[in-house]
Protein chains: 2
Amino acid sequence: MKPRKHRRARLDLPRIAERFRKKARKLTGPRRAILVALRERGGPVTPREIFRALEGRCDLATVYRSMHLLETMGMVKRYDFGDGQARFELLEEGDDGHHHHLVCRRCADVVEIEGCLMSDVDRQVAEANGFKAVTHRLEFFGICPECQGSDSRGENVTD
Amino acid sequence: MKPRKHRRARLDLPRIAERFRKKARKLTGPRRAILVALRERGGPVTPREIFRALEGRCDLATVYRSMHLLETMGMVKRYDFGDGQARFELLEEGDDGHHHHLVCRRCADVVEIEGCLMSDVDRQVAEANGFKAVTHRLEFFGICPECQGSDSRGENVTD
DNA sequence: GCTCCAATTGCAAACGATTTGCAATTGGCG
DNA sequence: CGCCAATTGCAAATCGTTTGCAATTGGAGC
């Protein structure tokens, strides 16, 4: 069995209900289910995957709407692996989710890269170009250990 | 007038025709026009922008098909700024196009960042995780000098 | 220059991810 | 327990991109 690749954020429902209440939002059945599904996975998940995991307990449109809400509430972070679908990762409260991923081009398996290797590059880039509020988007792509043996073509995640 | 932000690759038509011929491809009117449009811009362009620049001289589907072809021929490089549309940049022969961009979140203006600041990070990431053939995708986002004065909300390119 | 045929194109329909309008449903505060 | 704004499901709409197909066109060979 492979080692766990993603930590599973706690799901402090009372605290979450609290955060919803503060914004006059409801902690509904579908939303609760989505949060659970997100925690189950730990890593980045596509809306469709969440939808499938929910087995009819919630509509796909609702998943999308919920992801938007959770994103604005800072409860999930959106990632883009360049394959045309968004991915969302549950965040611990207070975590800004700034880290990067290493994605297998064959099996789409995702490894979390610890720590942002680019701490001050944003600042350098900002200064060098007169920009403000510079952030970046960085993801790595490669072939994972399991896929290195298998012969060339598989599903391609990106590039 | 703003300084030019992107170098304009030469358009050595005879040489290009040569490269097409070698692959039994035709250097057609639409393709020639697309190449010219790409050179005009210099920087990353969306298929739709190319289409508009061509003013009916070629269908949008043809633009897409051409971009695929040019990409496989190594004549353009595809970039993803996370706003749901692809961008393509004309490459000089021999250039692998590996550089990054700084995109204004307000006006979508793009500045080229010289040199890849991540020369050996790919290798480090590969080794640390047992992956092979690791590459990365990195783009910066911020607010450009021109947009820093204008008050908050404008069109949002990403994030 | 002219022929011929594979490569290419335009057009319209198909697609897949995501968004939205709307009427029916539902949390949660009073 | 009731009310009402927030939310949901469903279907239709959007948007970027791809594809099927019949008509068109480069360019290699004559």
Side-chain angles (χ1 to χ4, degrees), chain A residues 13-14 16-35 37 44-52 54-73 76 78-88 108 155-159, chain B residues 13-14 16-35 37 44-52 54-73 76 78-88 108 155-159:
Chain A
L13 269 310
I16 288 178
E18 166 72 11
R19 293 173 76 182
F20 272 83
R21 198 164 339 104
K22 274 200 192 137
K23 305 222 176 187
R25 303 318 221 149
K26 295 176 181 175
L27 182 45
T28 64
R31 288 181 183 166
R32 221 184 294 267
I34 289 172
L35 285 166
V45 210
T46 66
R48 182 151 248 108
E49 288 171 330
I50 297 174
F51 172 65
R52 272 197 291 263
L54 264 42
E55 297 177 311
R57 266 173 297 150
C58 149
D59 190 77
L60 183 56
T62 298
V63 175
Y64 277 105
R65 282 189 277 235
S66 297
M67 299 326 293
H68 280 307
L69 175 63
L70 295 176
E71 196 181 4
T72 66
M73 294 183 67
V76 301
R78 174 193 301 260
Y79 290 97
D80 175 5
F81 292 169
D83 65 344
Q85 34 196 337
R87 323 236 161 186
F88 297 90
E155 324 93 275
N156 223 311
V157 171
T158 192
D159 263 43
Chain B
L13 269 310
I16 289 177
E18 166 72 12
R19 292 173 75 181
F20 272 84
R21 200 167 335 108
K22 275 203 192 134
K23 304 222 176 186
R25 304 316 223 152
K26 295 176 182 175
L27 182 45
T28 64
R31 287 181 185 166
R32 222 183 293 266
I34 289 172
L35 286 166
V45 211
T46 66
R48 183 151 248 107
E49 289 171 330
I50 297 173
F51 172 66
R52 273 198 290 263
L54 264 43
E55 298 178 308
R57 268 173 297 150
C58 149
D59 190 80
L60 183 56
T62 299
V63 175
Y64 277 105
R65 282 190 277 235
S66 296
M67 297 327 292
H68 280 307
L69 175 63
L70 294 176
E71 195 181 5
T72 66
M73 293 182 70
V76 300
R78 173 193 302 258
Y79 291 97
D80 175 6
F81 292 169
D83 65 344
Q85 34 196 337
R87 322 235 162 187
F88 298 89
E155 324 93 277
N156 224 310
V157 172
T158 194
D159 261 41

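Below, chains carry the letters A, B, ... as their sequence lines are ordered, and counting in each starts from 1.
Side-chain proximity of A:Gln85 to C:dT18, D:dG9, C:dA6: nearest is C:dT18. Out of D:dT8, D:dA6, C:dG10, the shortest distance to the side chain of B:Cys58 is found at C:dG10. For A:Asp59, taking side-chain heavy atoms from C-beta onward, the closest of the listed nucleotides D:dC10, C:dG27, C:dT9 is D:dC10. Closest to the B:Thr62 side chain, of the nucleotides D:dA6, C:dG10, C:dT8, is C:dG10. Residue B:Ala61 has its side chain nearest to C:dC11 when only C:dC11, D:dA5, D:dT8 are considered. In this structure, the nucleotide among D:dT8, C:dT19, C:dT8 sitting nearest to the side chain of B:Arg25 is C:dT8. In this structure, of D:dT8, C:dA17, D:dC10, it is C:dA17 that holds the atom nearest to the side chain of A:Tyr64.
With contacts defined as side-chain heavy-atom distances shorter than 4.5 Å, the pair A:Val45/A:Phe88 does not qualify. Looking at A:Leu60 and A:Ile50, their side chains never come closer than 4.5 Å, going by heavy atoms from C-beta outward.
Counting any heavy atom pair closer than 4.0 Å across all strands shown, A:Arg32 reaches no nucleic acid atom. Heavy atoms of B:Arg48 sit under 4.0 angstrom from primed sugar atoms or phosphate atoms, though from no base atom.
In this structure, NE2 of B:His68 is placed 17 Å from C1' of C:dA7, rounded to the nearest angstrom. As rounded to whole Å, 16 Å separates atom C1' of C:dT19 from atom CG of A:Leu69. Here D:dG16 presents its C1' atom at 12 Å from CZ of B:Arg87, a figure rounded to the nearest Å. Regarding A:Arg52, its CZ atom lies at a distance of 13 Å from the P atom of C:dG16, rounded to whole Å. Rounding to whole angstrom units, CD1 of residue A:Ile34 and P of D:dT7 are separated by 12 Å. In this structure, the CZ atom of A:Arg31 is 13 Å from the C1' atom of C:dG28, given to the nearest Å. A straight line from CG of B:Leu60 to P of C:dC11 spans 12 Å, rounded to a whole angstrom. The CG atom of A:Leu70 sits 13 Å away from the C1' atom of D:dT7 (whole-angstrom rounding).
Looking at A:Glu18 and A:Arg21, a side-chain N of the basic residue comes within less than 4.0 Å of a carboxylate O on the acidic one, giving a salt bridge.
For B:Arg57 against C:dG10, no side-chain N or O and base N or O form a donor-acceptor pair under 3.5 Å. Donor-acceptor pairing under 3.5 Å, judged by distance alone, is present between the side chain of B:Arg65 and the base of D:dG20.
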One pair to check against side chain to side chain contact (heavy atoms under 4.5 Å, CB included): A:Lys26 and A:Phe20. What are the steps and the verdict?
CA-CA 6 Å; A:Lys26 295 176 181 175; A:Phe20 272 83; over 6 Å; no
Using side chain to side chain contact (heavy atoms under 4.5 Å, CB included), reason through B:Leu69 and B:Arg25 one step at a time and then give a plain yes or no.
CA-CA 9 Å; B:Leu69 175 63; B:Arg25 304 316 223 152; 3.4 Å; yes
Are B:Val76 and B:Leu35 close enough, and set up right, to give a side chain to side chain contact (heavy atoms under 4.5 Å, CB included), and what steps lead you there?
CA-CA 9 Å; B:Val76 300; B:Leu35 286 166; 5.5 Å; no
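If you find the closest nucleotide of DNA chain D to B:Arg78 and to A:Phe20, the one lying nearer the 5' end belongs to A:Phe20.
A close approach under 4.0 Å does occur between a side-chain nitrogen or oxygen of A:Thr28 and OP1 or OP2 of D:dT8.
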